[in-house]
Trainee: 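Would you mind keeping the following structure in view while I ask a few things?
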Amino acid sequence: MSTLRLALAQVNPCVGDIAGNTALVLDRCRAAHEAGATVVAFPEMVVTGYPIEDLALRESFQRAAARATEEIAATLDAEGMGGLMVVLGTLGVSRAGLPFNQAVVITGGEVAARYNKHHLPNYGVFDERRIFAAGEDACVITAASSRIGIVICEDIWQDGGPVAQLAALDVDLLLVLNGSPFEEGKGRVRTDLARRRAAEVGAPLAYVNLWGGQDDLVFDGHSFIVAADGAWMANAPGFEDALLVWDAPEPGAVPVQGPVVDFASDAEQVYRACVTGLRDYVEKNGFRSIVLGVSGGIDSALTAAMAADAIGGERVVGVSMPSSFSSQHSRDDAADLCARIGADYRVQPIAPLVDAFQGELALEGVAEENLQARLRGVILMALSNKEGHLVIAPGNKSELATGYATIYDAGSIGGFAPLKDVDKSRVWELARWRNAHAAANGETPPIPVSSIEKPPSAELRPGQTDQDSLPPYELLDEVLDAYVEHAEGRAELLARGFDEAVVERVLQLVDRAEWKRRQYPLGPKVTALAFGRDRRLPITNRWRELAE
C-alpha cells in the first residue's frame, strides 16, 4: 500500500485575475510534484480569487473560470504531471446556469470529480446565499489507496450536513478548502473546531486556507493538519506563501508529525494583517507608491511604519504640513520617522494657504481648526494627482467610532486606512511591538519613542490634546469595546460601573458619527466587528430610548 503524501498550497490569489491565479496554481503544482506529493490541495475559489461577489453571475467570467480549469489539467498532463491529483477551488456552473462555489479534482489530464459547497454563509462579510446555489452530494476520492472526503470552509462550521455524511463513509482523511478571513483570536476557534470534526469522522483533517488582502478583507493562511485524536500534525506560518507537505499514515498506523511552526503573538498577527491588507491593496490595484501626512504623532508614525514594511520605505512619501500651532518636537519626530524608515520626507507649510482662505472667509473656532486639517487633505490629494501615489489615512478605530476626525482631512482622506479597525490603545501596543521586534533583530526601531510617549494632539490650537474632547483613551476604548464589539446597551454599561456621564457622552458621540464612518476609506478588518462591510450603528440614538 503506497503512502499518501499531501501538499497544502497556501497561496495569495487576486479576485478576477484568472490568468494570474492559474499561473500561481501551476507553479505550486510543480513544486508539489518536486516534493513527491500524491495530492496537492489549494484553497477555496483559488482560480477566481475570493470573494468574487457578483462576478459569479457573469457568464463570460464563468466561461473564463471553466477554461482555466481545463488549462490546468491539460498543462499538468503535458508536463508529465498527470498522475498528481490536484484539488482546487473554483467557480462552477450547473446545467441550469446556477453558479456554485466548487471544488474540482484534477488527475490524468481531466476533471475527475466535483464538489459543490453545501453551507453558504450569509452573515458578517459573507453574501454567498444570494450568489451561489447550494450543493447536496458528498464527495469522496481515492488517492494512494486512501479515501479522502472533501468539503469547503463553512461546511465544517455547521453541524450535520456533509461532515456528518462523510462520517458514515469511512474516510481516511478530511480535506477542507478554505477562504477564511482573519480576525484576532479566530485561529484558536478554527483549530478547536477542526479537532471536533476530525474526531467526528475518525480521521485526520487537513485545512488549507487563502492568505493575502482583498479590499477590506485579509486572509491569514495558517493552514494546518490535525490527527483524528486532535494531535497537532503540521502547520504553516501565517501571512505568507507556504507549501505544507505531510505523509498521511496508512489505515491503522500512528501518524507522524510533520513541519510545525510556532504561532505569532496576537499583536504580531494584527500588525501583519494590517501590513498585508495595505500591501495587497497597493499592489493589486496597480499603485506604485504611497503618500501620507506625518505629524509626529503615534497614528501617522505607526501607519508610515506599516507602509514601509508593506512596500518598502523608498516607495513611501511622508509629508509634514506644519501650521502656526505645530510644535517643533512634532516636526522633528516626523523627520526622524521618515529617516528611520527610508521614506521620501517633504515639508509643506500650510500657513500661507490658511491665510489665503481666511482672507476670504474669516473663519473662527472649530471652522478655523477644520480649515487647517482639510487643507492638509487637499495637499495630499494634489500630490497623489500629480505623482500617482495612493493616499492612505492614519485614523484609528477609536477616532472613527466617536467621530473625532475632521472629514476630508489628512487623517481621513484617501483610498485605504490601515488602522481603521485598530483602537487607540492597540495603536500604542502595536507601535511598541514593532519597535521591540526591530530591536530584537538588531534593526533600528522605526517609530520614534517620543511619538509613542507624548500626549496625542491634533495641534489645531495652542496646547490642544485629544483628552480636551474625549475621555482618556484607556477608558474610552473599554466603553467602545463593550458598546461596539459586544453590543452592550446603556443599562449594561452602567451596571458594569462606568460613570453615567462618560457613558452618555461616548454613546452620543458614536451614534452621531455614523455619517462620517460611511465616508471613510476602506481598511483591513482585524476584529470580529469592524465598521464598514459588516457593521453599522444607528444615525440617531432615539432607538436606545425606545429600547430601554
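What you see is a predicted model; the values in this text were computed from it and never measured.
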Trainee: Salt bridge check, Glu200 against Arg197: does any charged N sit closer than 4.0 Å to a carboxylate O?
Mentor: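 Answer for the salt bridge query: yes.
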Trainee: Keeping to residues at least two apart or across chains, list the salt bridge (charged side-chain N to carboxylate O under 4.0 Å, His left out) pairs with something in residues 78-96.
Mentor: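 For residues 78-96: Arg30-Glu79.
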Trainee: Cation-pi between Lys420 and Phe531: NZ/CZ under 6.0 Å from ring centre and within 45° of the ring axis?
Mentor: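 Negative - Lys420 is either too far from the ring of Phe531 or too far off its axis.
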Trainee: Test side chain to side chain contact (heavy atoms under 4.5 Å, CB included) on Val39 and Val87; report intermediate values, then the result.
Mentor: CA-CA 7 Å; Val39 176; Val87 185; 4.1 Å; yes
Trainee: Quick check on the 6.0 Å ring-centre criterion: do Phe263 and His222 meet it?
Mentor: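 They qualify: ring centres under 6.0 Å apart.
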Trainee: So, do Pro43 and Val11 sit near enough that their side-chain heavy atoms are less than 4.5 Å apart?
Mentor: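 Touching, per the 4.5 Å side-chain cut-off.
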Trainee: Got a donor-acceptor contact below 3.5 angstrom from the Asn396 side chain to the Asp423 backbone?
Mentor: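 No, because the side chain of Asn396 does not come within donor-acceptor range (under 3.5 Å) of the backbone of Asp423.
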Trainee: Taking it one step at a time, do Leu6 and Thr38 satisfy side chain to side chain contact (heavy atoms under 4.5 Å, CB included)?
Mentor: CA-CA 6 Å; Leu6 174 68; Thr38 314; over 6 Å; no
Trainee: Please report the shortest heavy-atom distance between Ile18 and Ala65, naming the atom on each side.
Mentor: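 For Ile18 and Ala65, the tightest heavy-atom pair comes out as CD1-N, 3.7 Å.
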Trainee: Could you tell me whether the side chain of Lys186 and the main chain of Arg188 form a donor-acceptor pair under 3.5 Å?
Mentor: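 Here the side-chain-to-backbone pair does not exist.
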Trainee: Any salt bridge between Glu429 and Arg426, counting N to O under 4.0 Å?
Mentor: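 Result for this pair is yes, salt bridge flagged.
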Trainee: How long is the span from the CG atom in Asn101 to the CD1 atom in Ile131, to the nearest 0.5 Å?
Mentor: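 Here the interatomic distance stands at 10.0 Å.
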Trainee: Give me the atom names and distance for the closest heavy-atom approach of Leu91 to Pro99.
Mentor: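 Residues Leu91 and Pro99, closest heavy atoms: CD1-CB, 3.9 Å.
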Trainee: Taking all non-hydrogen atoms of both residues into account, name the closest pair between Ala138 and Leu169 and its distance.
Mentor: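 Nearest pair, atom of Ala138 first, then Leu169: CB-CD1, 4.2 Å.
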Trainee: Any carboxylate oxygen within less than 4.0 angstrom of a Lys/Arg side-chain nitrogen, looking at Asp421 and Lys397?
Mentor: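 Here Asp421 pairs with Lys397 in a salt bridge, since their nearest N and O are under 4.0 Å apart.
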Trainee: Check side chain to side chain donor-acceptor pair (under 3.5 Å) between Glu314 and all other residues, then give those that pass, not counting sequence neighbours.
Mentor: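 With sequence neighbours excluded, Glu314 shows a side chain to side chain donor-acceptor pair (under 3.5 Å) to no residue whatsoever.
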Trainee: Work out which heavy atom in Ala68 is nearest to a heavy atom in Thr22; give both atom names and the distance.
Mentor: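 The pair with the smallest heavy-atom distance is CB-OG1, 3.3 Å.
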Trainee: Quick one, Leu177 and Cys153 - any side-chain contact, counting heavy atoms below 4.5 Å?
Mentor: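 No - every pair of side-chain heavy atoms lies 4.5 Å or more apart.
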Trainee: Please tell me if the side chains of Val282 and Phe416 come closer than 4.5 Å, counting only heavy atoms from C-beta onward.
Mentor: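 In short, these two side chains do not touch, never coming nearer than 4.5 Å.
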Trainee: Quick one: does Arg147's side chain have a donor or acceptor within less than 3.5 Å of a partner on Asp170's backbone?
Mentor: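 Such a contact is found between Arg147 side chain and Asp170 backbone.
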Trainee: Can you list every pair that meets ring pair (Phe, Tyr, Trp, His ring centres under 6.0 Å) and has a residue in residues 49-68, with sequence neighbours left out?
Mentor: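 For residues 49-68, and leaving out neighbouring residues, there are no ring pair (Phe, Tyr, Trp, His ring centres under 6.0 Å) pairs at all.
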Trainee: Provide the closest heavy-atom pair for Leu380 versus Gly293 in the form atom of the first, atom of the second, distance.
Mentor: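 Closest approach of Leu380 to Gly293: CD1-N, 3.6 Å.
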Trainee: Atom CD of residue position Gln257 - does it have more than 12 heavy atoms of other residues, nucleotides or ligands inside 6.0 Å?
Mentor: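 Yes, because the 6.0 Å sphere around CD of Gln257 holds more than 12 heavy atoms from other groups.
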Trainee: Applying salt bridge (charged side-chain N to carboxylate O under 4.0 Å, His left out), which residue pairs with at least one partner in residues 220-232 are found, sequence neighbours left out?
Mentor: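 Sorted pair list: Arg190-Asp220.
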Trainee: Go through it in stages, so that I can follow the logic: the residues are Asp309 and Arg434, the test is side chain to side chain contact (heavy atoms under 4.5 Å, CB included), and I'd like the CA-CA distance, side-chain angles, deciding distance and then a yes or no.
Mentor: CA-CA 10 Å; Asp309 286 342; Arg434 182 63 183 88; 2.7 Å; yes
Trainee: Taking the side chain as everything from C-beta on, heavy atoms only, tell me whether Thr191 gets closer than 4.5 Å to Tyr207.
Mentor: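 Result no, sub-4.5 Å side-chain heavy-atom pair not found.
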Trainee: May I ask you to decide if Ala35's main-chain N or O and Arg5's side chain share a donor-acceptor pair within less than 3.5 Å?
Mentor: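 At least one qualifying donor-acceptor pair exists.
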Trainee: Say whether, by atom type as modelled, one donor and one acceptor occur between the side chain of Gln10 and the main chain of Glu240 under 3.5 angstrom.
Mentor: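 Checked: pair present.
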Trainee: Mind checking whether Asp54 and Arg58 have side chains closer than 4.5 Å, heavy atoms only?
Mentor: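 Contact flag for Asp54/Arg58 side chains = no.
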Trainee: Tell me whether Asn441 at atom CG has more than 12 heavy atoms from other residues, nucleotides or ligands lying less than 6.0 Å away.
Mentor: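 Above 12, so yes.
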Trainee: List the atom of Gly179, the atom of Leu210, and the distance in Å for their closest heavy-atom pair.
Mentor: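 For Gly179 and Leu210, the tightest heavy-atom pair comes out as CA-CD1, 3.8 Å.
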Trainee: Taking the side chain as every heavy atom from C-beta outward, state whether Lys117 and Asp155 have any atom pair closer than 4.5 Å.
Mentor: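 SC-SC contact between Lys117 and Asp155 confirmed.
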Trainee: Enter the distance from Ile290:CD1 to Ser384:OG here, rounded to the nearest 0.5 Å.
Mentor: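 Nearest 0.5 Å value for the CD1-OG distance: 11.5 Å.
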Trainee: Test Asn116 against Gln102 for side chain to side chain donor-acceptor pair (under 3.5 Å), laying out the working first.
Mentor: CA-CA 4 Å; Asn116 297 320; Gln102 189 174 86; 2.8 Å; yes
Trainee: Under 4.5 Å between any side-chain heavy atoms of Val171 and Val140, yes or no?
Mentor: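 Result yes, sub-4.5 Å side-chain heavy-atom pair found.
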Trainee: CZ of Arg114 to OG1 of Thr90: how many Å apart, nearest 0.5 Å?
Mentor: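 Rounded to the nearest 0.5 Å, the CZ-OG1 separation comes out at 8.5 Å.
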Trainee: Check step by step if side chain to side chain contact (heavy atoms under 4.5 Å, CB included) holds for Leu278 and Ile311.
Mentor: CA-CA 9 Å; Leu278 174 58; Ile311 63 171; over 6 Å; no
Trainee: Output yes when a side-chain donor or acceptor of Asn21 lies under 3.5 Å from a complementary backbone atom of Pro13, and no otherwise.
Mentor: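 Side chain of Asn21 to backbone of Pro13: no pair is present.
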Trainee: Return each pair, listed once, that meets ring pair (Phe, Tyr, Trp, His ring centres under 6.0 Å) where at least one residue sits in residues 78-124; pairs must be two or more places apart or across chains.
Mentor: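 Counting only pairs at least two positions apart or across chains, the ring pair (Phe, Tyr, Trp, His ring centres under 6.0 Å) contacts touching residues 78-124 are Tyr115-His118, Tyr123-Phe126.
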Trainee: Between Asn178 (side chain only) and Val208 (backbone N and O only), is there a donor and an acceptor less than 3.5 Å apart?
Mentor: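 Checked: pair present.
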Trainee: Can you find a pair of side-chain heavy atoms, one from Val256 and one from Trp246, that are under 4.5 Å apart?
Mentor: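 SC-SC contact between Val256 and Trp246 ruled out.
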Trainee: Ignoring hydrogens and angles, tell me if any N or O in the side chain of Gln269 forms a donor-acceptor pair with the backbone of Ala264 under 3.5 Å.
Mentor: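 Yes.
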Trainee: Atom CD1 of Ile141 and atom CG of Leu175: how far apart are they, to the nearest 0.5 Å?
Mentor: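 These two atoms lie 7.0 Å from each other.
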Trainee: Mark yes when over 12 heavy atoms from residues, nucleotides or ligands other than Gln519 sit less than 6.0 Å from its CD; otherwise mark no.
Mentor: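 Result for CD/Gln519: enclosed.
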Trainee: Is a side-chain N or O of Gln214 found less than 3.5 angstrom from the main chain of Val15, in a donor-acceptor match?
Mentor: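 Between the backbone of Val15 and the side chain of Gln214 there is a qualifying donor-acceptor contact (under 3.5 Å).
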Trainee: Please, which pairs that meet side chain to side chain donor-acceptor pair (under 3.5 Å) have at least one residue in residues 280-289, sequence neighbours excluded?
Mentor: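 For residues 280-289: Asn12-Asp280, Asn12-Lys284, Glu283-Arg315, Ser289-His389.
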Trainee: If you round to the nearest 0.5 Å, how far is CG of Leu522 from CG of Leu217?
Mentor: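 Between atom CG of Leu217 and atom CG of Leu522 there are 9.5 Å.
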Trainee: If you round to the nearest 0.5 Å, how far is CZ of Phe42 from OG of Ser223?
Mentor: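 Those atoms lie 11.5 Å apart.
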